[in-house]
Amino acid sequence: MRKLPTWLSVILLVLGLGLVAPGPASAASYCGISWGSTAKSAPGNTTAPITNVRTGRHTCYDRMVVTLRGDVAGYSVRYGTVRAQGSGRVIPLRGGADLAVVIKAPAYNSSGRATYRPAHPKELANVHGYTTFRQLAWGGSFEGYTTIGLGVRARLPFRVFTLDGPGKTSRLVVDVAHRW
């Protein structure tokens, strides 16, 4: 008889701990963002030239937009050292992490004339006051490849996608989240 109350006590203790013990932690995503920080790319090349680079601030992320006169084809966006097209020279950037954006498109037309010529190659856009972006720098355009260095606050989640229009233009969009 003595064993029954002992076993009953043990069972109640185990059940009680199960009710009080916390369940597995579930991390809520920031702003519903489920992006990662691994490299993103798309195959293909285009002769459609780059015509503009601009930025914007949003509630949950900072955005860079590259406009092409024609369709966006291939690109590669990854964290790591950013190198200038042609020379391979390292492009120093402000921030805790560097995002190398390589668009498989030229920044010049079929005659070799520049279709996008930044006024300030080390500062493509004024990102002062942005939550994530620290600097956009021109890495040049050579043999149909164009590089833009994006200095960000830290290695944060990002996404890359393309948009058609307006008209015969298209855009490559790079969004970098403000936090994980």
Side-chain angles (χ1 to χ4, degrees), residues 30-31 33 35-37 39-42 46 48-109 113-142 144-180:
Y30 171 69
C31 290
I33 291 173
W35 321 327
S37 63
K40 287 134 180 93
S41 63
T46 183
I50 293 170
T51 60
N52 195 21
V53 177
R54 58 191 169 85
T55 61
R57 295 187 288 184
H58 295 267
T59 304
C60 301
Y61 53 85
D62 290 344
R63 172 172 283 180
M64 178 183 76
V65 178
V66 180
T67 305
L68 283 80
R69 189 181 313 127
D71 292 332
V72 174
Y75 58 82
S76 170
V77 183
R78 61 165 178 71
Y79 280 106
T81 304
V82 180
R83 297 190 176 276
Q85 286 295 329
S87 71
R89 176 183 54 84
V90 174
I91 299 171
L93 297 166
R94 289 188 301 277
D98 298 346
L99 203 53
V101 179
V102 178
I103 305 116
K104 297 176 184 178
Y108 47 83
N109 63 20
R113 292 201 174 151
T115 56
Y116 176 71
R117 186 186 322 249
H120 304 285
K122 291 182 181 180
E123 303 290 338
L124 297 185
N126 181 1
V127 293
H128 178 74
Y130 279 54
T131 304
T132 300
F133 289 176
R134 296 295 180 257
Q135 182 181 6
L136 269 77
W138 186 243
S141 188
F142 184 71
Y145 287 77
T146 300
T147 297
I148 297 170
L150 184 54
V152 296
R153 182 173 52 80
R155 185 178 175 129
L156 294 162
F158 70 95
R159 69 177 172 181
V160 182
F161 59 96
T162 61
L163 296 169
D164 291 331
K168 295 183 180 194
T169 66
S170 63
R171 293 159 285 158
L172 177 71
V173 180
V174 179
D175 293 336
V176 183
H178 291 167
R179 63 184 178 92
W180 280 96

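Just so it is clear, the values below take in all heavy atoms, side chains as well, and ignore hydrogens, waters and symmetry mates. On a predicted model such as this, the values are computed, not experimentally measured, just so you know.
In this structure, OH in Tyr108 is found 8.0 Å from CZ in Phe142, a value given to the nearest 0.5 Å. Atom CH2 of residue Trp138 and atom CZ of residue Arg117 lie 10.5 Å apart, to the nearest 0.5 angstrom. Rounding to the nearest 0.5 Å places CZ of Arg179 at 9.0 Å from CD1 of Ile33. Residue Ile103 holds its CD1 atom at 12.5 Å from OG1 of Thr162, rounded to the nearest 0.5 Å. To the nearest 0.5 angstrom, Gln135 atom CD is 9.5 Å from Leu150 atom CG. Met64 CE to Leu124 CG: the interatomic distance, rounded to the nearest 0.5 Å, is 8.5 Å.
For Arg57 (side chain) and Gly129 (main-chain N/O), a donor-acceptor pair under 3.5 Å exists by modelled atom type. In terms of modelled atom types and a separation under 3.5 Å, the side chain of Arg171 and the main chain of Gly165 share a donor-acceptor contact. Within the 3.5 Å criterion, the main-chain N or O of Arg94 finds no donor-acceptor partner in the side chain of Arg134. No donor-acceptor pair closer than 3.5 Å links the side chain of Asp175 to the backbone N or O of Tyr61. Under the 3.5 Å distance criterion, the side-chain polar atoms of Thr115 are matched with a main-chain donor or acceptor of Ala107.
Of the N and O atoms on the side chains of Thr146 and Ser141, at least one donor lies less than 3.5 Å from an acceptor on the other residue.
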Trace of the side chain to side chain contact (heavy atoms under 4.5 Å, CB included) decision for Asp62 with His178: CA-CA 7 Å; Asp62 290 344; His178 291 167; 3.0 Å; yes
Checking Gln85 against Val102 for the side chain to side chain contact (heavy atoms under 4.5 Å, CB included) test, could you report, in this order, the C-alpha distance in whole Å, the side-chain angles of both residues, the deciding distance, and whether it holds? CA-CA 9 Å; Gln85 286 295 329; Val102 178; 4.1 Å; yes
Derivation of the side chain to side chain contact (heavy atoms under 4.5 Å, CB included) call for Thr169 and Thr51: CA-CA 9 Å; Thr169 66; Thr51 60; 5.8 Å; no
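Scanning both residues, Asp164 and Ser170, for their nearest heavy atoms gives OD1-CB, 4.1 Å. Of all non-hydrogen atoms in Gly36 and Lys40, the two that sit nearest each other are O-NZ, 3.2 Å. Pairing each heavy atom of Pro106 with each of Ala48, the nearest pair is CD-O, 3.8 Å. Contact between Gly139 and Ile91 at its shortest, heavy atoms only, is CA-CD1, 3.3 Å. Taking every heavy atom of both residues into account, Thr59 and Tyr30 meet most closely at O-OH, 3.8 Å.
In this structure, Tyr116 and Pro49 have side chains that are not in contact, with every pair of non-hydrogen atoms separated by 4.5 Å or more. Between Val53 and Ile148, some side-chain heavy-atom pair lies under the 4.5 Å cut-off. Contact annotation: the side chain of Thr81 never approaches that of Asp98 to less than 4.5 Å [non-hydrogen atoms, C-beta and beyond]. You'll find the side chain of Tyr130 stays beyond 4.5 Å of the side chain of Thr132, heavy atoms only. Taking 4.5 Å as the limit, some side-chain heavy atom of Thr147 sits within range of a side-chain heavy atom of Val82.
By the 6.0 Å contact criterion, NE2 on His120 is open, its count of non-hydrogen atoms from other residues, nucleotides or ligands being 12 or less. Heavy atoms of other residues, nucleotides or ligands lying less than 6.0 angstrom from CZ of Arg63 number more than 12.
Residues that satisfy the side chain to side chain contact (heavy atoms under 4.5 Å, CB included) test with Tyr79, not counting sequence neighbours, are Ser37, Ala97, Leu99, Val152, Arg155, Leu156, Phe158, Val176.
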